[in-house]
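Here's the structure, in structure tokens; my notes come after.
FYI, side chains are in, hydrogens and waters are out, and symmetry mates aren't considered; it's all heavy atoms of this structure.
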Amino acid sequence: MRSRLRRLVLGATALFTAASALPAAAASGQGRAEQHPSRDGLSAVIRYTEYGIPHILAKNYADLGFGTGWAQAADEVCTLADGFVTLRGERSRYFGAGAAAGGALSGARTNLASDLYFRGVRETRTVEKLLAEPAPVGPSREVRDMMRGWAAGYNAWLKQKKITDPGCAGASWVRPVTELDVAARGLAIASISGEGRFVDTITAAQPPTGAGTASGTPSSRPAARTPDAKAVVKAADELWGDPGMGSNAVAFRGDTTANGSGLLLGNPHYPWQGGRRFWQSQQTIPGELNVSGGSLLGTPAISIGFNAHVAWSHTVSTGIPANFHQLTLDPADPTTYLVDGEPERMKKRTVTVAVKDGAPVTRTQWWTRYGPVVTSLNSQVPLPWTDATAYALHDPNAANLRFADTSLGFSKARSTGDVLGSLARHQGLPWVNTIAADRAGHSLFTQSQVLPRITDELAQRCSTALGRTTYPASGIAILDGSRGDCALGSDPDAVAPGIFGPARMPTLKDAPYVENSNGTAWMTNADRPITGYERVFGTVGTELGLRTRGGIEDVAAMADRGHLTVRDLQRQQFANRVPAGDLTATDVARACAALPGGTATGSDGKAVDVSEACGVLAAWDRTMNAGSRGALLFDRFWRKLEQAVTAAEAWKVPFSAADPVRTPNTLNTDAPGFGVALADAVAELRAAGIALDAPLGAHQFVVRGGEHLPMPGGSGRLGVWNVLEPQWNAAGGGYTEVPFGSSHLQAVGWDGSRCPVARTLLTYSQSSNPESPHYADQTRLFSDEKWVTSRFCEKDILSSPKLKVVRVHERR
């Protein structure tokens, strides 16, 4: 082992030497100074293979971060720079206060709201305080080095290269960054499902008129009534059920595979544009680290990926990552609340934001021991701040800088047991499940995430009147903030107070398969349901989504069939089966054909001839393949049916917890909204000039560099595994862009060699720069349902016909 490690180190040293002496053509135009760099400063070797995938080779973690920051800047400088403007609270200064904030790092609707929040985080030195904490609460030395190196690499690229991306070429807002900026990005990602969703109300919440000082004079605003519980539940479900993030993943145990090793298919669903894109790389420190996968932009570690021993992916979980505390206020001062009868002043956070072409804007935020005061769940559902009551949001991920260390632990793992070990040690995953498989044949699912420590007992004992409805219905806890005995408490194995420890996490080890499609942990494996967890993690015994039902059907059949290989994973990814179609299309076609006169009445009261649709739906192959005829018609019909028919009347056979994968079933075509949905779908397509039997790809596509690329896949509401949530534009020809869907795909297994067997695909390609050769190359592959063969081992990297080796370094 020691001699092999020595050979690796010597080989790496030789490669560093060789790379620095490459001719100019091989070094892609690197100048003379770069071929003979100073020995001072950080450096790395980047080997580019097909599709612009960088394999970053470094001597230590700081150098690895340097190479990663450099390579990310080369592909995504404008997207990254835009994010750093957000984190500095300067969007209003450069882009205008009222413009849309973009949504990559928070749910803020305007630049002003975004700036007020992020400048507040910056000015209270939240990130600096977390960086100063010893590990595991704060980042490890390795992660600190990677963040410092990432910032240096990004800055070196800015200093040495000319920006060609028209999105920010010559822009004054593209500026150097620091380790603090990199850490702040990690914190924003961690809290995006908690405080990040409430930025508008955090920055707008103000006490009743006349409040703000302890004057003893009651405010003039009348007391508001208690929020409607049903409206709060509905708003919370919409808030945390946001389709802006999702995923599928499945891991198979060794006795279901062809060779006894595990298999993993990861299919995360993320935005195709902006700061939540994945970026693909391999990171290597000889003898220390060797991992491939996708990183969220601006982060230094691999987020989902594989190494020679283990592969993992994440899916957005059903856990509710934040809760509320209802405050009892001092009658004389609505900015003072009572805990066990003792008054406690809210902390006043005053923030000033520079505004483009205008005077600076100053606003005040109000913070409590629990978190910020909020006054709404959305624009329709207020949480009123009255003379007597206010609501504070608690988000434990607003103090979580442990994501990168958890991911780095995965990158070094040699087994699914090591994956669990990293989760137990760092406890840094904010809003995702983990699914993993390893070379030895183990499978793993765990919902190990950072959640507020809301036990069912605590919720029963401490919920307010509103919380007694919201918690069982949606997992949203609203606790009595006036009682000290309602504090969240601590688990002995938790790294921080107020969160669950590892022993509480829903976990399933070594099942024949483990599968998650953003559903509850309960149905990770239909034959081995997980139970016994607290309601805040999710439900047990409740109706599953169509994507979960379809996923379980598919992977359970695969496990039963056995002898699985990576090729089977690839087929599953692009099967494009429509579970909603399998359940209903025959009945829809039959009911369509039975309509008197072949007509149905639309929502506008007009009769529509739908007779042609009956045959199209009957002949449809029940897939969302690009060539599928009838797929678009069914898609548009299904969306309208969901609006026209309530969930209670949609099915003739209701849900049964005893048969959760196959119920509910049998579409209720007698529901009054059925004919309306069919008529509206037919009329819509005809008005757009789209034939009812047109192939899907003719009207579900993206345009890249003037090239029309048909897109396979479909909406998760149809149950499709290969999720696309495309943007409907009837005037433009149908679905003309994909804001969100399948992103960094990986199908991973192992054979008898030292190298993993891996196929990957970054659906939207490596660079968002339209001038880059890697702006759409993998998108073309996705259109053709093709994959990239991963080059993980040295022999495969060095044999790439597209190999380009670049030595990058700091200039002093």
Side-chain angles (χ1 to χ4, degrees), residues 241-252 262-272 276 278 293-294 303-306 311-318 429 431-437 443-447 508 511-526 538 544-559 564 566 568-580 582 623-624 661 711-725 738 740-749 759-764 782 785 787:
D242 176 11
M245 294 186 294
S247 301
N248 305 307
V250 59
F252 291 100
L263 289 170
L264 178 119
L265 174 60
N267 169 221
H269 312 144
Y270 274 67
W272 278 32
R276 273 188 270 167
F278 283 104
S303 305
I304 54 175
F306 60 92
W312 77 95
S313 194
H314 297 304
T315 60
V316 176
S317 77
T318 56
L429 296 189
W431 30 260
V432 292
N433 308 304
T434 300
I435 295 86
S443 66
L444 172 68
F445 164 87
T446 182
Q447 189 181 343
L508 183 58
Y513 71 84
V514 290
E515 191 277 343
N516 187 266
S517 295
N518 307 125
T520 172
W522 173 53
M523 277 286 106
T524 294
N525 181 295
L544 308 177
L546 280 172
R547 184 156 50 87
T548 294
R549 292 172 63 182
I552 292 173
E553 287 175 335
D554 290 349
V555 304
M558 293 169 68
L564 301 175
V566 167
D568 292 299
L569 304 182
Q570 294 175 262
R571 280 193 286 264
Q572 167 63 18
Q573 177 59 42
F574 285 116
N576 295 323
R577 181 173 79 88
V578 183
D582 286 339
T623 76
M624 296 295 280
V661 178
M711 291 287 106
S715 174
R717 66 192 351 135
L718 300 172
V720 182
W721 179 281
N722 182 28
V723 166
L724 291 184
E725 298 294 347
V738 179
F740 164 83
S742 293
S743 54
H744 182 265
L745 312 179
Q746 54 178 1
V748 186
R759 305 292 181 266
T760 68
L761 185 62
L762 191 60
T763 58
Y764 37 68
F782 181 71
E785 300 184 1
W787 296 73

For the atom pair [atom1] ([X]) and [atom2] ([Y]), what is the distance rounded to the nearest 0.5 Å?
X: M711; Y: M624; atom1: CE; atom2: CE; answer: 13.0 Å
X: W721; Y: N576; atom1: CH2; atom2: CG; answer: 12.5 Å
X: Q447; Y: L508; atom1: CD; atom2: CG; answer: 12.5 Å
X: L762; Y: H744; atom1: CG; atom2: NE2; answer: 6.0 Å
X: T318; Y: W431; atom1: OG1; atom2: CH2; answer: 14.5 Å
X: L569; Y: L263; atom1: CG; atom2: CG; answer: 5.0 Å

If the condition is ring pair (Phe, Tyr, Trp, His ring centres under 6.0 Å), which residues does F278 pass it with, not counting sequence neighbours?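 For F278, the residues satisfying ring pair (Phe, Tyr, Trp, His ring centres under 6.0 Å) (neighbours in sequence not counted) are Y270.
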
Go through it in stages, so that I can follow the logic: the residues are Y513 and M558, the test is side chain to side chain contact (heavy atoms under 4.5 Å, CB included), and I'd like the CA-CA distance, side-chain angles, deciding distance and then a yes or no. CA-CA 9 Å; Y513 71 84; M558 293 169 68; over 6 Å; no

Could you tell me whether a side-chain N or O of [X] sits under 3.5 Å from a main-chain N or O of [Y], the two making a donor and an acceptor?
X: N248; Y: S517; value: no
X: H269; Y: S247; value: yes
X: R577; Y: D582; value: no
X: W312; Y: S303; value: yes
X: S743; Y: P268; value: yes
X: R547; Y: V720; value: no
X: S443; Y: A511; value: yes
X: Q570; Y: E785; value: no
X: W272; Y: S742; value: yes
X: N267; Y: L745; value: no

So do the side chains of F445 and N525 get within less than 4.5 Å of each other, counting heavy atoms only?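 No - every pair of side-chain heavy atoms lies 4.5 Å or more apart.
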
With side chains defined as the heavy atoms from C-beta onward, is the minimum distance between F252 and L265 less than 4.5 Å?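 No, too far: nothing below the 4.5 Å cut-off.
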
F574/F782 aromatic ring centres below 6.0 Å: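 Close enough - the centres of the two rings lie under 6.0 Å apart.
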
Compare every heavy atom of [Y] with every heavy atom of [X], then report the nearest pair and how far apart it is.
X: N433; Y: S317; result: OD1-CB, 3.2 Å
X: L444; Y: V514; result: O-CG2, 3.5 Å
X: V250; Y: I435; result: C-CG2, 3.9 Å
X: S313; Y: I304; result: CA-CG2, 3.9 Å
X: G538; Y: T520; result: C-OG1, 4.3 Å

Judged by modelled atom types alone, do S715 and E725 share a side-chain donor-acceptor pair under 3.5 Å?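 On atom types as modelled, these side chains qualify, holding a pair under 3.5 Å.
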
Show your reasoning for whether side chain to side chain contact (heavy atoms under 4.5 Å, CB included) applies to T548 and W522. CA-CA 11 Å; T548 294; W522 173 53; over 6 Å; no

What pairs of residues pass the salt bridge (Lys or Arg N to Asp or Glu O under 4.0 Å) test when at least one of them lies in residues 713-722, not counting sequence neighbours?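 Passing the test, one end in residues 713-722: E642-R717.
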
